[in-house]
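Naming: A, B, ... by sequence-line order, numbering from 1 per chain.
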Number of protein chains: 2
Amino acid sequence: MNQSVDMSNESTAAVPQRRNRKAEAAPDLGAGVAAAGVDIEQHIYQTVFDSVLNQRLTPGTKLPEPALCELFNVSRAVIRKVLQRLEHERIVELRPNKGAVIAAPTPEETRQIFEARRALEVSIVELATRRHKPEDLEELRHLLDHEHGVTHNPYQPAWAACAREFHLKIATVAGNPILINYLTELMTRCSLIVALYQPIGNAACEHAEHRRIVDYMAKGDVASARAEMGKHLRSLEDNICLDRKASVQTLAQMLNIG
Amino acid sequence: MNQSVDMSNESTAAVPQRRNRKAEAAPDLGAGVAAAGVDIEQHIYQTVFDSVLNQRLTPGTKLPEPALCELFNVSRAVIRKVLQRLEHERIVELRPNKGAVIAAPTPEETRQIFEARRALEVSIVELATRRHKPEDLEELRHLLDHEHGVTHNPYQPAWAACAREFHLKIATVAGNPILINYLTELMTRCSLIVALYQPIGNAACEHAEHRRIVDYMAKGDVASARAEMGKHLRSLEDNICLDRKASVQTLAQMLNIG
DNA sequence: TTGATATAAATCGTCAACGATTTTGATGTT
DNA sequence: AACATCAAAATCGTTGACGATTTATATCAA
């Protein structure tokens, strides 16, 4: 068999999975039944999303609609809606009549994604350098300290989460929700790339680059901040070996054999 | 009544609107019935999209599902899918239990959109300047000539289409599909902004700026090309008067009275 | 006439079921 | 044993219908 869908949710512990008619007895505080629909939908989306970030859902994994229906106790219409959203964000690929799978970026797409990240983040760090407030720098340095603690953590997703948070914080400082959205999408696809091609990332090195970026931001040195961000993203891309991939369907075949 | 949905499609002349069961008699060449689903879906999407660009669908216009069902002879599931896609691209807003309307960017969103465009297009024009081939410059100058012809056309959407094509061509020369997608989304939202706030755009002035951008690209002057693109986008934004808006629901109310 | 209230219409969200397609597994032949 | 053919299971695409919510209309009192 192919890879199956597991997704033991951890972060958002356990939204009560009542979905049988109205609210059972409780006086239905606040939002009521209408919001429940969008809530369960958001919950499913978030669960898949987090699973991708944590590399529990790896590229090529099939997501059959009936399985998801049982997992979340919802009808297929709801699952379908979530899958379409995930497809639009390039997290899953919807193959007509053949089901949904977690997207597997090709080498060409990988180049495009990193190039787009450079184009965006260089502008983002410029905005952030111009706009940052004292408390922003404080929080960035706090994130750097936290990073330092995870630098030697062998669990890759832990470091990836740190790095993600760092880049996202800079985008937040830049203050443009649209750019934040675009960057979020690109970073999520990067986690797919990492899961696929397993780069031998040097966390300590990346951490040092992060620190330099913040230093330039603090100095208000826009040009250097831009340049450093560009270099950082290039080195990230250089760490990826498009040759030896962690196998997509190949792994599935291996599981068939082993 | 509120504004109703009309959408007389012009560009994609008239896809045969058969949708009754299978294909009637013709031997169903090529794609068959499976592709017909995605085709009609794409057709509906494209029709709405084009109508927004041509300002036949203006911000605030309601898009009731039953009306669209009759117009395109499809079930609600299909148009629901299209509406969700349009929502993700920020072209329509889906208000729970209250139906879909063409999105109406707020002044704040307008600022964000133009800022995002500057961030993106400055990087895009840099890539395009580095990568353009002789035939790219040729086509760009051809577009400029065509622009010149429409400069004095009082019909605003005609000029808007030209300008859009120009910016899109530069993105194509840059060669990154992801950036093309993002820019396309932002430009579409800009057409909503134009419909809403009706800027007193000076087409001749914009045309001159376009020409300067191409000149810098031809020289390979990256810095100047970036700067000129930034200036151009700023002047576009400056032409928009966020005060006097072309009314959203206000116009609907006026129609109720008149 | 104006305003509030109640009824009716329109619209949306959700679901279960049917048909079509794909994939899996079995059978038989070379 | 390997391959092709065929049947069965799983999965997806689409539809129509039901209940819930919102909006429009009509009625009545002040």
Rounded to the nearest Å, what distance is computed from the CD1 atom of residue I79(B) to the P atom of nucleotide dG16(D)? 14 Å
Between H88(B) and H88(A), what is the ring plane arrangement, given parallel below 30°, perpendicular above 60°, and tilted in between? parallel
Check whether any side-chain nitrogen or oxygen of K62(B) sits under 4.0 Å from OP1 or OP2 of dT11(C), and answer yes or no. no
Taking for each residue the nucleotide of DNA chain C with the nearest heavy atom, is it P96(A) or P96(B) whose nucleotide lies nearer the 5' end? P96(B)
Closest listed nucleotide, where the reference is the side chain of V78(B) and the choices are dT14(C), dT15(D), dT21(C): dT15(D)
Taking NZ, NE, NH1 and NH2 as the nitrogens, is one of them in E237(B) or R118(B) under 4.0 Å from a carboxylate oxygen of the other? yes
Keeping S191(B) on the side-chain end and T188(B) on the backbone end, is there a donor-acceptor pair under 3.5 Å? yes
Taking CZ from R95(A) and C1' from dT23(C), how many angstroms apart are they, rounded to a whole number? 11 Å
Over how many whole Å does the gap from L94(B) atom CG to dT22(D) atom C1' extend? 16 Å
Which of the following nucleotides, dT15(D), dT11(C), dC15(C), is nearest to the side chain of P64(B)? dT11(C)
Whole angstrom value for the distance that separates C1' of dC15(C) from CG of N73(A): 14 Å
Contacts of Y45(A) that satisfy ring-ring contact (aromatic ring centres under 6.0 Å, His included) - sequence neighbours left out: F49(A)
Options dT14(D), dT23(D), dC12(D), nucleotide nearest the side-chain atoms of K98(B): dT23(D)
Rounded off to whole Å, could you give me the CG-to-P distance for the L83(B) and dT11(C) pair? 14 Å
In this structure, how many angstroms lie between the P atom of dT14(C) and the CZ atom of F72(A), rounded? 16 Å
Can you figure out which of dT14(C), dC12(D), dT11(C) approaches the side chain of R76(B) most closely? dT14(C)
For atom CD of E65(B) and atom P of dA9(C), their distance in whole Å: 21 Å
Of the nucleotides dT11(C), dC12(D), dT15(D), which one has an atom closest to the side chain of P66(B)? dT11(C)
Kindly state each residue pair satisfying side chain to side chain donor-acceptor pair (under 3.5 Å) with at least one member in residues 169-183 of chain B, sequence neighbours excluded. E115(A)-N176(B), E185(A)-Y182(B)
Report the distance from atom CG of N97(A) to atom P of dT11(D), rounded to the nearest whole Å. 14 Å
